[in-house]
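Notes follow the structure.
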Amino acid sequence: MIFLRNFIKSLLRRKRIDSSQISNTRLDRCLTTLDLSALGIGSTLGLGIYVLAGDVASRTSGPAVTISFFIAAIASVFAGLCYAEFGARVPKAGSAYVYSYVTVGEFMAFVIGWNLVLEYVIGTASVARGYSNYVDSLVNGTVQANLRYYMPIDVPGLSAYPDFLAFLITFSLTIMLVIGVKESTRFNSVFTGINLLVVLFVVIAGSFHIDFHNWNLSKDEVPENAGKGGFMPYGFSGMMSGAATCFYAFIGFDVIATTGEEAKNPQRSIPISIVLSLLFVFLAYFGISAVQTLMLPYYLQTEEITKGAPLPYVFEYVGWPVAKWIISIGALTGLSTSLLGAMFPLPRVLYSMASDGVIFRSFADINPRTKTPILATLISGIFAGAMAALFDVKELADMMSIGTLLAYTLVSISVLILRFSHEIDNIDDDINRNITVEMKPLRSKYQNSDEKFDNRSWCAKLFNTDRMKEASAQTSRISTNLVMFITTVLIIFDALLVYLEDRLVELETNSFIIILAIFIVLVFSIISLAMQPRSTKKLSFQVPWVPLIPILSMFVNFYLMFKLSTTTWIRFAIWMAIGLSIYFFYGIWHSNERSRRYEARQNSAN
Ligand SMILES: NC(=[NH2+])NCCC[C@H](N)C(=O)O
C-alpha cells in the first residue's frame, strides 16, 4: 500500500520554479501580433501544400481532401486555444512539457515531452523527405530512379528505396544546430512571404486550367482501385481518414504559444495570432487542394506517378512546365521554414527533459565551445535522418499526427483539471513566498473543509446545487474524477463512431441507440463538470467556453487518432514503449524533484 501511494506520488510530483526565476524574464517583449502570425505560418505551412494534398487526394479522400483540411483546421483551432491557456499558466517561456511539469505532474509531463520529441524528430524527417522529393524533381527524378533501381527495399511498411538525399539534408541541418546557428525571425518572414506569394500564384494560375468535371467523375471513368469517383470517391470514411493525415499539415503553430512571452501584449496577441495563422494556413491548403484536384483527376496524383512532387506534375500535365520552377522556389522556401520549425525546438526539449533528469542526463551536457547540447542534437538528428531515409512521407506524417494528437489531448485534459482545481492557487502563493509546500502537512490544512464537505448531498456534490463559489480540495477531486470519466467515455464514444461507421451511415437502428445512449451519459457528465466551482486564478489568456472547448478538442483528437491506420498505431506503440521504459527504469529514479524531496525529508528528520 505504502509503496503504491509513494509510486503515485512520484508520478504526480511537480516541478517547482521559484519566484526569483519567474521574475527574471530576460526576453524583450517586442513581437507584435503580425510577427507572431508570421512565425506561426512559417513553421506550419509546408509539406501540406507541396506533398500531402496530392497524396491524400489520390489515396484517401479524393476531391473531398478540401473538406479533410477543413476538419483538421477545426481540430487545430481548439487545440491551439488550449495550448495558449496552458502557456499562460506558467510565466516562463517553454514547451508543453515544462508547463505540464509545473502544473500537473511529472508523469503527464514526461508523456507530453516524449510526444513532443516524436513530433519534432518525425516532423524533421517528414519535411526532409518532402524536401528531397522536390530537389530531386528539379533534376527530373534521377536520384530517385537510380536508388529505386540499385537499392530497392522490399519490406512492407518501409519506403521503396533508402532516400540518402533526405538523410543528407537532415544531417546538414543537424550540423548547423550543433554549431549553434540561431533561428532568425527576419529569415523566417522573408521565406514565408515568398511561400505565400507562390501559393497565391498557383491558385490564380491554376484556376485558368480547372475543369469541374474532375470533381464529378463517374465510376467507369476511374480505374479499379480508385474508389467510386465523384467528390468523395472513398466515402465519408475516406474523407475522415484524410482529415487525420491532414492534421499533420497544421502542426507547428505551437511556436506561437511558446514564443508568446516575447509578445508585446500576449493576452491579445497569442489567441489572435493562433487563429489568424491557422486561418491563413487553412485558406492556403484549401485553395491549393481545390485547384489541384480540379486540374487533374485525383487518381492521377499518387506518389508513384508524381514522384512525391504533385504540384509541378499537375502543371506539367496541363501543359505549363515553366510553372515548375516557380513552384519549386515556393516549395524550397516553404519547406525550409517548416524544417527549421521542426528541428530548432528539438534540442531545447531534450535539454530541458535531461536537465530535469527524466531522461538520460548526458543529453543535457553542453559543449563549452559551441554552447549547445551536442550529444542530444547529434543523436536525435541522426535518428531523424534515418527515419527520413526509410519511410515515406505519408507514413511519417501519420506517425507525427498520432503523437501530436495525443500531446494536444493531454494539454486539453490538463487545462480542464487545472480550471477546476484549487490547489494550484495555493501552490503558486507558496512559490511566491518561496516556501517548500510539500513539507507542510497537507491533510490538516483541509480537514475542516472535509467535514463541511461530507454534509453535502450527492446532488450538491455532482451538480453543485448549493452553489459553492470557489473550488476546494474536494470539489477539485470530484472535478478531476469527472474529467477522467469524460475522457474514458469519449474514447469509447469515438472508438464506436469509427467502428460502427458503415452501419451509422446506413442508419442502422441498433448502432444509433448505442451511440445515443453514450451521448446522453456524456452530456450529463459534461453538465455536471460545468456546474463545478472553478479556480479563481486569473490568467493572461483563458480558453472561452470551458469545459466545452477542451472537451470538443479531445473529442475530435481521439476521433482522428482512431482514423489512423493500424500500422501507425503499432509504430506509435513502439515509440511509447521505449519512452515508458526510459521513464520507469531511469527517469522516475533520477529526476531532480525526487532528490529534492528526498533531501527535504532528510533535513526535516534532523
Ligand atoms: N513542429 C513541427 N512538427 N513541424 C513540422 C511541420 C509540418 C508542417 N505542418 C508542414 O506541413 O510542413
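Values below: every heavy atom of this structure, side chains too, minus hydrogens, waters and symmetry copies. Atoms within each ligand, like the ligands themselves, are counted from 1 in listed order.
At a 4.0 Å cut-off, not a single heavy atom of Phe344 sits close enough to ligand 1 to count as contact.
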| Going through the distances and angles, do Leu564 and Ser241 end up as a side chain to side chain contact (heavy atoms under 4.5 Å, CB included)? | CA-CA 6 Å; Leu564 289 167; Ser241 303; over 6 Å; no
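Residues Ile382 and Phe167 come closest through the heavy atom pair O-CE1, 3.9 Å. Nearest heavy-atom pair across Pro550 and Cys82 is CA-SG, 3.9 Å.
Relative orientation of the Phe282 and Phe250 rings is parallel, given thresholds of 30° and 60° on the angle between their planes. Using cut-offs of 30° and 60° on the angle between ring planes, the pair Phe315 and Phe201 is parallel. Using cut-offs of 30° and 60° for the angle between ring planes, the Tyr285 and Phe69 rings count as parallel. Aromatic ring orientation, Phe360 versus Phe363: perpendicular (interplanar angle above 60°, classes split at 30° and 60°).
Considering backbone and side-chain N/O atoms, Ser43 never comes within less than 3.5 Å of an N/O atom of ligand 1. Considering both main-chain and side-chain atoms, Leu335 never comes within under 3.5 Å of ligand 1 through any nitrogen or oxygen pair. Any N or O atom pair closer than 3.5 Å counts here, and Leu47 shares at least one such pair with ligand 1. The N/O atoms of Glu119, backbone and side chain alike, include one that comes under 3.5 Å of an N/O atom in ligand 1. Taking distance alone, with nitrogen or oxygen atoms compared against 3.5 Å, Tyr120 stays at or beyond that limit from ligand 1.
By the criterion of a heavy-atom distance under 4.0 Å, neither the backbone nor the side chain of Ser126 is placed next to ligand 1.
Remark: minimum distance from atom 6 (C) of ligand 1 to any protein heavy atom is reached at Ile251 O, 3.4 Å. Summary of contacts: the protein heavy atom closest to atom 8 (C) of ligand 1 is Thr44 O, 3.0 Å.
Near Ser338, with a cut-off below 4.0 Å to any heavy atom, the atoms of ligand 1 are 12 (O). Taking every non-hydrogen atom of Tyr285 and a distance limit under 4.0 Å, the qualifying atoms of ligand 1 come out as 11 (O).
Geometrically, Arg129 engages Tyr161 in a cation-pi contact defined by less than 6.0 Å to the ring centre and at most 45° from the axis.
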